[in-house]
Structure formats: structure tokens, C-alpha cells
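The structure appears right after this line, and notes come after that.
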Amino acid sequence: EAKRTGRNCTRYFLQTMNQELDERLRIESALRVALSAGHLQLHFQPKVHLQNLQLAGVEALLRWTDAQLGPVAPDVFIPIAEECGLINALDAWVLESACRQLAAWHEAGVAVPNVAVNVSALRFFQDDVAAHVGQLLERYQLAASQLTLEITERLLLDNAPQARSQLQALDVMGVRLSVDDFGTGYSSLSYLKQLPVSELKLDKSFVRDLETDADDRALSQAVISIGRALNLSVVAEGVETTAQYHVLRDLGCEVAQGYFFARPMAAADLPNWMAQSSPDRAF
Ligand code: C2E
Ligand code: MG
Ligand code: MG
Ligand code: MG
């Protein structure tokens, strides 16, 4: 009996594995098509100064709706793109599209100070990233300080030695580097001394229970203090409620981002949001 159960378990396990593999392969090939056919989209989420609610910048976030698969979340397809080698082409597309969009906003008189792009640190193994960024800034007539690259703390830690010279070259140009999901990398902070970081993004897991959890409040306070001591701006992620907004502002956090202020939106919707969220609007 035990033997039969064991065999059934094995069969079930193999079936599940096959289904998962199938799903990954479907996503991978659909993603390849979407990228080359121009079916990917960027949405943009405002980063807001907490003192006056002015726009500090926007973060570009990939959106993909496949005809068969429906909407696929970046948390699902980015890891697949990383494994199958599509990520560099994907990041390159995002980087150029974000620069082109910022230039288009400026052209139209829409005052967006900065665009942030998420990059997989894998890109920094290639030694041409800084040159590529330089060409894009030139092509779209952007100042380097108008571009921020967000890299997750975990990826930054894993790749720090290889990434350092590229990050330094970008820093010399004036491009900003932001540490995404700060506080989730479980490691020493010494990399902050060695890498040219401009911004820390306080992970949303610390923000979620800010009203009720004294530990989360203490940790957020600590991150804000680190930012102040090292002269880095701190951006709180995932702000969804008035209470979270008020706690962060009272802790001295300067910039925040989250559904409370705005969801990620199509580029065409941003001017309208900016017009409605003027500083005198009571949040
Ligand atoms: P991230 O860079 O930390 O982005 C923040 C995520 O939190 C986004 O999810 C955003 O939509 C979501 N978010 C924003 N405000 C709130 C809020 O108030 N509450 C909650 N619960 N969530 C909020 P999204 O767009 O699904 O992206 C997930 C992750 O996928 C991103 O995390 C980033 O690591 C990655 N990603 C997204 N776009 C790109 C891209 O173009 N390139 C690369 N390499 N990675 C990307
Ligand atoms: Mg990000
Ligand atoms: Mg983040
Ligand atoms: Mg995060």
C-alpha cells in the first residue's frame, strides 16, 4: 500500500513538474514574441515628496498582457526572463522606452523631474552598460541626473565586485543609483560605503504594518536615519493609507510611493494626475 502511494506521489510530482515546465516554456516563448512585436508596455508610478506632495519622479514598471495567457505579472515573467537570457534585451527595451517617454513629456511641457528604471544586476556583468546609457541620454537629450537605476539590494550584494566599475562610471556621468527593496538583503551595510548609491527604497514589507507594529516603525526610523547620515534620499514603497503616510512624514521620510498617492498608470494619464494632485489637495 505504502509502495503504491509512493508511486502515485511520484507520478503526481512528475506531472506537476511537467505542468510547471510547460507553463514556463509557454511564458518564455510568448515573452520573446511580445518583446519583438512591441506588445510590452510601461506604466509609471509617481514618487512624491511628503512635505509638499510635489512629484519627485516616476518609476517605470513593465506591463504585459498576452492574448492567450492574459495579464502576466512582472514577478512571474522577470525571473523567467532572467533564467532564459531574455532579461538584458528586456531591460534594454525598458531603459530606452523610459528615456523616450521622459523626453516626450518634456517636449509636451509635462514637468517630470526623473524617471527610474528597474534593472537586473545581470546587466552589469556586461561592460558596456555605462556607454549604452550615455548614448541614450545623448539621443533623447536628457541630463544624467534625470535617470535613476533601481537595483534590488539582493542583486547588488551578489554582484557588487563585478558591478562596481560600471556603477562608478554611471556615477561619474551623474546617473542616480537606487537600492530597491532595501532592508531585505540580510547583509552588512558596508556596500553602501563602496558603491555610489544615491537612494534607498524602504521595502514595502516594513511599511505595511507601520501603524500597529512598533518594530516596523523602529526599523523604518533606522533606515531613514541611515539615509540622513549618509546623505541618501529615502523613498518609502507601498504606502496605501493616510496613517502610513502620516507616520512616514513624521519620521522624517522625504519621498514615498504607493497606491495611496497613485497606482502605476499609462504615460498618457500622468499629466491629468499631476493636475489633480496639486499640493493643496488634501491627502
Ligand atoms: P519593485 O521595483 O519593488 O516595484 C514595486 C512594486 O510594488 C510594483 O509591482 C508596484 O506596482 C507595486 N506597488 C506600488 N505601490 C504599491 C502599494 O501601495 N501597495 C502594494 N502592495 N504594491 C505596490 P510590479 O509592477 O508588479 O513589479 C514587481 C517587481 O517586478 C518590481 O518590484 C521589480 O522588481 C520588477 N519589475 C517591474 N518592472 C520591471 C522592469 O521593467 N525591469 C525589471 N528588471 N524588473 C521589473
Ligand atoms: Mg523598483
Ligand atoms: Mg521596490
Ligand atoms: Mg519591493
Side-chain angles (χ1 to χ4, degrees), residues 27 31 34-35 39-48 50 56-65 71-102 114-126 129 147-156 158-159 163 176-185 197-211 233-245 247-248 253 255-267 273 283:
I27 290 176
L31 185 58
L35 181 61
H39 291 163
L40 297 174
Q41 256 200 311
L42 285 184
H43 276 192
F44 297 89
Q45 187 178 37
K47 294 179 177 179
V48 177
L50 289 181
V58 294
E59 177 178 8
L61 294 160
L62 262 172
R63 294 293 177 262
W64 174 34
T65 303
V72 188
D75 283 333
V76 172
F77 69 79
I78 295 284
I80 294 177
E82 278 171 353
E83 271 172 45
C84 75
L86 257 183
I87 190 67
N88 286 350
L90 207 61
D91 279 348
W93 181 85
V94 172
L95 192 58
E96 171 141 21
S97 304
C99 288
R100 192 191 303 119
Q101 183 57 58
L102 187 61
N114 186 279
V115 69
V117 172
N118 293 285
V119 284
S120 160
L122 295 178
R123 249 192 104 63
F124 290 96
F125 289 120
Q126 304 178 336
V129 179
L147 179 66
T148 300
L149 301 180
E150 295 191 7
I151 303 184
T152 61
E153 184 178 45
R154 205 177 300 268
L155 282 168
L156 206 51
D158 289 348
N159 299 305
R176 302 176 76 247
L177 175 65
S178 171
V179 184
D180 211 339
D181 304 345
F182 185 76
T184 61
V197 170
S198 307
E199 178 179 287
L200 306 177
K201 295 193 81 174
L202 177 65
D203 191 64
K204 53 177 173 279
S205 60
F206 299 111
V207 173
R208 192 179 45 227
D209 300 321
L210 215 44
E211 304 144 66
S233 58
V234 173
V235 179
E237 296 185 327
V239 179
E240 295 184 354
T241 67
T242 318
Q244 290 165 346
Y245 156 48
V247 172
L248 286 162
C253 183
V255 179
Q257 187 180 352
Y259 299 160
F260 178 68
F261 303 104
R263 295 198 168 241
M265 65 187 92
W273 179 85
F283 266 119

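Indexing begins at 1, ligand by ligand and atom by atom, following the structure's order.
- Under 2.8 Å from the Mg ion (ligand 2) lies an N/O/S atom of D180, whether from backbone or side chain.
- Only the side chain of V94 comes within 4.0 Å of ligand 1, counting heavy atoms alone; its backbone N, CA, C and O stay farther away.
- Less than 4.0 angstrom separates some heavy atom of Q45 from each of these atoms of ligand 1: 14 (C), 15 (N).
- The shortest separation from a heavy atom of S120 to ligand 1 is under 4.0 Å, placing the residue in contact.
- Residue side and main chain included, E237 places no N/O/S atom under 2.8 Å of the Mg ion (ligand 2).
- In this structure, E150 pairs ionically with K47, as a charged nitrogen and a carboxylate oxygen lie closer than 4.0 Å.
- Remark: distances from the non-hydrogen atoms of E59 to ligand 1 include one below 4.0 Å.
- Against a heavy-atom cut-off of under 4.0 Å, D75 is close to the following atoms of ligand 1: 28 (C), 29 (C), 30 (O).
- Residue-level check: among N/O/S atoms of E150, OE1 sits closest to the Mg ion (ligand 2).
- Contacts between D180 and ligand 1, counted as non-hydrogen atom pairs separated by less than 4.0 Å, involve the side chain only.
- Here the side chains of V179 and F182 are in contact, with some heavy-atom distance below 4.5 Å.
- At a 4.0 Å heavy-atom cut-off, ligand 1 does not touch K201 at all.
- With ligand atoms numbered from 1 in the order given, ligand 1 contributes 17 (C), 18 (O), 19 (N), 20 (C), 21 (N) to contacts under 4.0 Å with heavy atoms of E240.
- Contacts between V239 and ligand 1, counted as non-hydrogen atom pairs separated by less than 4.0 Å, involve the backbone only.
- Here the side chains of L248 and L50 are in contact, with some heavy-atom distance below 4.5 Å.
- At least one heavy atom of R63 sits less than 4.0 Å from an atom of ligand 1.
- Shown in contact with P264 at under 4.0 Å from a heavy atom are these atoms of ligand 1, numbered in order with element: 11 (O).
- Using a cut-off of 2.8 Å, one finds that N118 contributes an N/O/S atom close to the Mg ion (ligand 2).
- For the pairing with Q45, the side-chain hydrogen bond (donor to acceptor under 3.5 Å, both in side chains) check across E59, Q257, E237 returns one residue only, Q257.
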